[in-house]
Colleague: 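To start, I am sharing the structure in question, which I have written as structure tokens.
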Amino acid sequence: MTDSKTSNLSRRQALLLGTGALAVPMLSLSTRPLWAQGTTKVSLTLPWVANGSNYWPMLGKELGIYADNGIDIEVSRGFGSVAAAQAVANNQFDFGVVFASGTMLAQARGLDLIVLATLYYDATMGIASLADSPIKTPKDLEGRKLGMVPTSAEAPFWPAFAAKAGIDASKVDVVQVDSKVIERTMLNKQVDAITAIGTSSIPNIAAAGVDMRFMLWSDYGLELYAAQIVTRRDVYESNPELCQKVVDATLSSFAYTLKKPGESIELFAKIVPEVGLTANGLTSARISQGITQLVTLWPEAMDNAIGYSDLSKIPGMIQSVLDLGTVENPEMPPLDQLITNEFVGNVKLTAEEWDAVKANNADYARYFG
């Protein structure tokens with residue numbers, strides 16, 4: 001299979017076509033696959049608590065998609081992508097759904113992980129501001145207060161974004177905020193804007209009925225893939241058949257949500273009743289899912305197959321992660337030891353189905369104006 005076109009749709013083209021933090025019971029872990037009667041017991045960790053941007057493995061388990069592929073799947077919540085990547089590398093889980101930055105940091109630290117597929121293509125790091133705010137361009141942040149959770153996934157990338165967007169970071173008053181109140185500080189106008197992950201913060205703000213805008217950092221050259229299926233190299237090398245089954249089942253579960261978004265969210269609320277316990281829970285989950293599906297409308301998936309990674313983009317993403325300076329003396333293996341497309345290609349949408357995905361999620365593009 002050849003790499004996809006390197007000339008992307010613009011982010012605006014893609015977008016013109018949420019995420020409540022929901023508790024999920026911790027399921028039992030397996031350290032190695034267990035074979036029985038042709039069914040393989042597999043454990044998989046999510047990057048965080050189940051929400052509208054990552055719940056599809058749970059949906060696939062409920063619908064029997066994994067079972068149809070010979071997999072008895074156990075899905076557990078995660079505690080951040082870096083921790084999830086480490087948990088897979090340390091044999092706590094067989095597979096993981098991990099954001100690209102977390103995987104790359106783990107690989108740079110010598111953890112022997114390999115990416116088997118990419119599910120959506122923008123980590124949605126960005127700047128959120130209220131719709132009536134005077135902050136309409138990155139440069140408008142100068143002289144204003146910017147709320148930031150110092151331990152968040154996007155915070156380490158702020159200096160790189162500021163440089164790429166032409167912001168004089170010394171003129172921005174960065175206010176450190178606790179993750180539990182980050183959106184509230186902006187809603188209460190204690191800060192003028194916040195850094196955020198769009199699939200997490202946009203749903204929380206929008207579900208409260210507040211108009212906002214969001215500037216994607218990828219529009220300014222800071223591009224990182226989002227959710228990816230990862231495993232250890234020993235699993236990849238010793239059991240490619242298992243890798244194929246897990247990839248097919250996971251991508252098929254994700255494809256189901258693309259084709260049936262409303263039905264999928266309703267089933268999610270039955271699987272995790274906490275989704276419907278708050279007034280905005282279901283609304284938040286729908287928005288988060290919608291944003292995730294918007295950033296799946298990339299040439300990688302549409303021109304090739306769901307799960308496809310453009311390998312020509314990976315070195316630049318790795319360099320962005322290494323430029324953070326958080327890993328001393330990183331030694332990255334060759335690209336073909338870090339990521340592969342060999343298990344991708346069995347799960348595709350038709351042109352008509354992609355058109356439906358665009359139509360179903362077109363309304364969510366308004367947050368990115």
Colleague: With sequence neighbours excluded, tell me which residues meet side chain to side chain donor-acceptor pair (under 3.5 Å) with Ser252.
Modeller: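 Result, side chain to side chain donor-acceptor pair (under 3.5 Å) vs Ser252: none returned.
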Colleague: Could you state the interatomic distance from CG (Asp168) to CD (Glu142), rounded to the nearest 0.5 Å?
Modeller: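 So the CG of Asp168 and the CD of Glu142 are separated by 5.5 Å.
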Colleague: What orientation do Phe99 and Tyr120 show, parallel under 30°, tilted 30 to 60°, or perpendicular over 60°?
Modeller: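 Correct class here is perpendicular.
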Colleague: Count the heavy atoms of every other residue, nucleotide or ligand shown that sit under 6.0 Å from NZ of Lys136, and state whether that count exceeds 12.
Modeller: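 Counting other residues, nucleotides and ligands, NZ of Lys136 exceeds 12 neighbours.
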Colleague: If you define the side chain from C-beta out and look only at heavy atoms, does anything of Thr118 sit under 4.5 Å from Glu300?
Modeller: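 Heavy-atom side-chain distance check fails, nothing below 4.5 Å.
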Colleague: I'd like to know if the side chain of Asp248 and the backbone of Lys245 have a donor-acceptor N/O pair within less than 3.5 Å.
Modeller: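 Checked: no pair found.
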Colleague: So, does Asn54 use its side chain to make a donor-acceptor pair with the main chain of Gly52 at under 3.5 Å?
Modeller: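 No.
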Colleague: Using the side chain to side chain contact (heavy atoms under 4.5 Å, CB included) rule, take Val246 and Asn69 through it: C-alpha gap first, then chi angles, then the decisive distance, then the call.
Modeller: CA-CA 8 Å; Val246 170; Asn69 281 272; over 6 Å; no
Colleague: In Å, rounded to the nearest 0.5 Å, how long is the span from CH2 of Trp48 to CZ of Phe79?
Modeller: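 So the gap between those two atoms works out to 7.5 Å.
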Colleague: Output all residues satisfying side chain to side chain donor-acceptor pair (under 3.5 Å) with Thr250, sequence neighbours left out; order by chain, then residue number.
Modeller: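 Testing Thr250 for side chain to side chain donor-acceptor pair (under 3.5 Å), a comparison that skips the adjacent residues, returns Tyr66.
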Colleague: Quick one: do Leu119 and Trp56 satisfy side chain to side chain contact (heavy atoms under 4.5 Å, CB included)? Show the steps, please.
Modeller: CA-CA 11 Å; Leu119 289 109; Trp56 11 270; 3.7 Å; yes
Colleague: Verify whether the ring centers belonging to Tyr367 and Phe214 lie closer than 6.0 Å.
Modeller: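 Ring centroids of Tyr367 and Phe214 are no less than 6.0 Å from each other.
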Colleague: My understanding is that only residues two or more places apart in sequence, or in another chain, count here; which of them pass salt bridge (charged side-chain N to carboxylate O under 4.0 Å, His left out) with Glu237?
Modeller: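 Residues passing salt bridge (charged side-chain N to carboxylate O under 4.0 Å, His left out) with Glu237: Arg233.
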